[in-house]
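Throughout, residue positions are numbered sequentially from 1 according to the sequence presented.
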Amino acid sequence: MTEKTDFKKSLDSYQAERGRFRILEVPDRQYLVVDGHGDPNTSALFSEGIEAIYPVAYKLKFASKRELSRDYVVPPLEGLWWARDMDTFTVARDKSKWDWTLMLMVPDWIGPDMVSVAVEQAGRKNCPTRLDDVRLESLHEGRCVQTLHLGPFDDEAAVLARMHDEFIPENGLRMVGRHHEIYLSDPRRSAPEKLRTILRQPVSSAD
């Protein structure tokens, strides 16, 4: 029987504790990605992005098990979020101004050719509207600060304010790159107060 890898358990970058900000080095990783803009609660681009990215991820999982004898749990959904004014995340919380990239991590043993085949297979039946927007990209984050948020997404603002305005500058760091969220819970199956989300911010030395 093929052993199944669960990256949520095996990778340090998927570990975080509530109430603790941790500095860590995140290695380069590759992801299936799809971009969009606007409020994730109302944007058709957001829901269509999710509908496009997951079928490709599962085609890759099955191909990896079948062709490479390497099985794994499809990693959690992740998102990069940014805006011209980052206060829209912590103060104004104006979701209509947010830009985002949805992501699903792809194991490093899978290459672009397998991704291309998976995209083609995902389009054979009930082709997702945004399938052509799905692509494979590498992400370099390096040094990051992250913590675990427990509760509704809209309650993240206070945690992010402490991260951005207190912990990061107090540790001689400055923010670089894009706000990163990792959704350890499925919002369709979990009550809002039980949602577990890793909040990550790439940083560099303030000097």
Subject >> Shared hydrophobic cluster for Tyr14 and Leu24 (ILVMFWY, side-chain gaps under 4.5 Å) >> reply: no

Original post:
Roughly how far apart are Lys95 NZ and Trp100 CH2, rounded to 0.5 Å?
Top reply: 13.5 Å

Subject >> Side chains of Val74 and Phe7 in contact at under 4.5 Å (non-hydrogen atoms) >> reply: no

Original post:
Which residue pairs pass the salt bridge (Lys or Arg N to Asp or Glu O under 4.0 Å) test with at least one member in residues 168-179, sequence neighbours excluded?
Top reply: none

Original post:
Quick one: does Lys65's side chain get under 4.5 Å of Arg70's, heavy atoms only?
Top reply: no

**OP:** Sequence neighbours left out, what passes side-chain hydrogen bond (donor to acceptor under 3.5 Å, both in side chains) with Tyr183? Give chain and number order.
**Re:** Trp81, Glu181

**OP:** Go through the structure and list residues passing side-chain hydrogen bond (donor to acceptor under 3.5 Å, both in side chains) with Arg135, not counting sequence neighbours.
**Re:** Asp35, Glu137

Subject >> salt bridge (Lys or Arg N to Asp or Glu O under 4.0 Å) contacts touching residues 191-206 (sequence neighbours left out) >> reply: Glu141-Arg200

Original post:
In the hydrophobic cluster built from side-chain contacts under 4.5 Å, what are the other members alongside Val176?
Top reply: none

Subject >> Close side-chain approach of Phe167 to Ile23, heavy-atom, < 4.5 Å >> reply: yes

Run the side-chain donor-acceptor check on residues 36-46: report pairs under 3.5 Å with partners two or more places apart or on a different chain.
from  : atom 1 : to    : atom 2 : distance (Å)
His37 : ND1    : Trp98 : O      : 3.1
His37 : ND1    : Asp99 : OD1    : 2.6
His37 : NE2    : Ser96 : O      : 3.2
Asp39 : OD1    : Asn41 : N      : 2.8
Asp39 : OD1    : Asn41 : ND2    : 3.4
Ser43 : OG     : Leu45 : N      : 3.2
Ser43 : OG     : Phe46 : N      : 3.4

Original post:
Does one hydrophobic cluster hold both Leu77 and Leu150, with members joined at side-chain heavy-atom distances below 4.5 Å?
Top reply: no

Original post:
Do Arg22 and Gln15 touch side chain to side chain, with heavy atoms closer than 4.5 Å?
Top reply: yes

Original post:
Atom CZ of Arg18 and atom NE2 of His149: how far apart are they, to the nearest 0.5 Å?
Top reply: 8.0 Å

**OP:** Determine, stepwise, if the pair Leu173 / Ser204 fulfils side chain to side chain contact (heavy atoms under 4.5 Å, CB included).
**Re:** CA-CA 6 Å; Leu173 303 169; Ser204 67; over 6 Å; no

Subject >> From CG (Leu199) to SG (Cys144), nearest 0.5 Å >> reply: 12.5 Å

**OP:** Mind checking side-chain contact (heavy atoms from CB on, under 4.5 Å) for Ser190 and listing every partner two or more places apart, or none if nothing turns up?
**Re:** Ser185, Leu195

**OP:** With the side chain counted from C-beta on, respond yes when Val56 and Leu131 share a heavy-atom pair under 4.5 Å apart, and no when they do not.
**Re:** yes

**OP:** Would you please test Val159 and Phe21 for side chain to side chain contact (heavy atoms under 4.5 Å, CB included) and show each step?
**Re:** CA-CA 10 Å; Val159 180; Phe21 295 115; 4.2 Å; yes

Subject >> Rounded distance (nearest 0.5 Å) linking atom CG of Leu139 with atom CG of Leu80 >> reply: 6.0 Å

Original post:
Which residue pairs pass the ring-ring contact (aromatic ring centres under 6.0 Å, His included) test when at least one of the two sits in residues 186-207, sequence neighbours left out?
Top reply: none

Subject >> Over all atoms of both residues, closest heavy-atom pair of Met163 and Pro169 >> reply: O-CD, 4.4 Å

Original post:
When Val73 is tested against each of Lys4, Lys9, Lys8 for side chain to side chain contact (heavy atoms under 4.5 Å, CB included), which residue passes?
Top reply: Lys4

Side-chain polar contacts of residues 104-117 - donor-acceptor pairs under 3.5 angstrom, sequence neighbours left out - could you list them?
from   : atom 1 : to     : atom 2 : distance (Å)
Trp109 : NE1    : Ser64  : OG     : 2.9
Ser116 : OG     : Pro112 : O      : 3.2

**OP:** To the nearest 0.5 Å, tell me how far Glu48 CD sits from Ile50 CD1.
**Re:** 11.0 Å

Subject >> Min side-chain heavy-atom separation Ile168-Gln201 under 4.5 Å >> reply: yes

Subject >> side chain to side chain donor-acceptor pair (under 3.5 Å) contacts touching residues 118-127 (sequence neighbours left out) >> reply: Glu120-Arg124

**OP:** Spell out, yes or no, whether Val145 and Val26 are grouped together once hydrophobic residues are joined by side-chain heavy atoms under 4.5 Å, including indirect joins.
**Re:** no

**OP:** Kindly compute the distance separating OG (Ser13) from CD (Gln146), expressed to the nearest 0.5 Å.
**Re:** 7.0 Å

Original post:
Are Val134 and Val33 close enough that some pair of their side-chain heavy atoms sits under 4.5 Å apart?
Top reply: no

**OP:** For the residue pair Tyr31 and Leu136, establish whether any side-chain heavy-atom pair is separated by less than 4.5 Å.
**Re:** no

Original post:
For Lys61, which residues count as a side-chain hydrogen bond (donor to acceptor under 3.5 Å, both in side chains) partner, sequence neighbours excluded?
Top reply: Asp71

Original post:
For Thr147, what residues pass the side-chain hydrogen bond (donor to acceptor under 3.5 Å, both in side chains) criterion, not counting sequence neighbours?
Top reply: none

